[in-house]
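None of the values given here were measured: they were computed from a predicted structure. The basis for the numbers below is simple: all heavy atoms, side chains too, and nothing from hydrogens, waters or symmetry mates.
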Amino acid sequence: MPKELDNAGVAVLNLLVSLLPNVDPNDPRTFTSYKDVHVRLGLHQIGPTYGISLNAQGMGSLAEWANERGYPAITGLITKEDGNVPERGFFGYYGKDELADIPWWLGEVAKAKSLDRKS
């Protein structure tokens, strides 16, 4: 039985959904960064990178929750500041390759944006 989304995951989800209207799924420069999510949510960095830190503060639980329910990988909206791509762990979680599966990643963001417009 899938677990419910924890409060930290809800906070990350709400932030990402609020950003969707301004996201162009074909332009990762319109996405947000791990650091920016920390700033917007008032989080402190608790790991060696902002990505690892955010994973422990809601992003990981959101990814698991969405994946268990067949929702798009909305956490793909969060990227590294240098390069505008998610950290390797994002691709690994879904069994994807960070170089070969860029179209899949952008497609997941497009699905999330489309799903949000239907809500």
Residue pairs meeting side chain to side chain donor-acceptor pair (under 3.5 Å), one or both in residues 5-24, sequence neighbours left out, come to Asp6-Ser61
Which atom names give the shortest non-hydrogen contact between [X] and [Y], and what distance separates them?
| X | Y | result |
| --- | --- | --- |
| Ile74 | Leu16 | O-CD1, 3.6 Å |
| Gln57 | Val12 | O-CG2, 4.0 Å |
| Asp101 | Phe91 | O-CE2, 3.8 Å |
| Phe31 | Leu77 | CB-O, 3.1 Å |

Heavy atoms from other residues, nucleotides or ligands near NZ of Lys96 exceed 12 (cutoff 6.0 Å): yes
Please list, one pair per line, the donor and acceptor atoms closer than 3.5 Å that link side chains of residues 102-110 to other protein atoms, with sequence neighbours excluded.
residue : atom : partner : partner atom : Å
Trp105  : NE1  : Gly76   : O            : 2.8
Glu108  : OE1  : Ala73   : N            : 2.8
Glu108  : OE2  : Lys111  : NZ           : 2.9

Partners meeting side chain to side chain contact (heavy atoms under 4.5 Å, CB included) with Tyr93 (sequence neighbours left out): Ala63, Glu64, Asn67
Examine distances only and state if a side-chain atom of Lys80 and a backbone atom of Ser33 form a donor-acceptor pair shorter than 3.5 Å. no
List, one per line, each side-chain donor-acceptor pair under 3.5 Å for residues 36-45, sequence neighbours excluded.
residue : atom : partner : partner atom : Å
Asp36   : OD2  : Thr32   : OG1          : 2.7
Asp36   : OD2  : Arg40   : NE           : 2.6
His38   : ND1  : Tyr34   : O            : 2.9
His38   : NE2  : Ser53   : OG           : 2.8
Gln45   : NE2  : Gly47   : O            : 2.9
Gln45   : NE2  : Pro48   : O            : 3.4

Can you tell me which residue pairs pass the salt bridge (Lys or Arg N to Asp or Glu O under 4.0 Å) test with a partner in residues 46-63, sequence neighbours excluded? none
Residue pairs, two or more places apart or on separate chains, that pass salt bridge (Lys or Arg N to Asp or Glu O under 4.0 Å) and touch residues 8-23: none
Would you compute the distance between atom CG of Asn55 and atom CD1 of Ile52 and round it to the nearest 0.5 angstrom? 8.5 Å
Donor-acceptor pairs under 3.5 angstrom involving side-chain atoms of residues 81-88: please list them, not counting sequence neighbours.
residue : atom : partner : partner atom : Å
Arg88   : NE   : Glu98   : OE2          : 2.6
Arg88   : NH2  : Glu98   : OE2          : 3.4

Treat each ILVMFWY residue as a node, draw an edge where side-chain heavy atoms are under 4.5 Å apart, and state whether Val10 and Leu115 are in one component. yes
Qualifying residues under salt bridge (Lys or Arg N to Asp or Glu O under 4.0 Å), relative to Asp97, sequence neighbours excluded: none
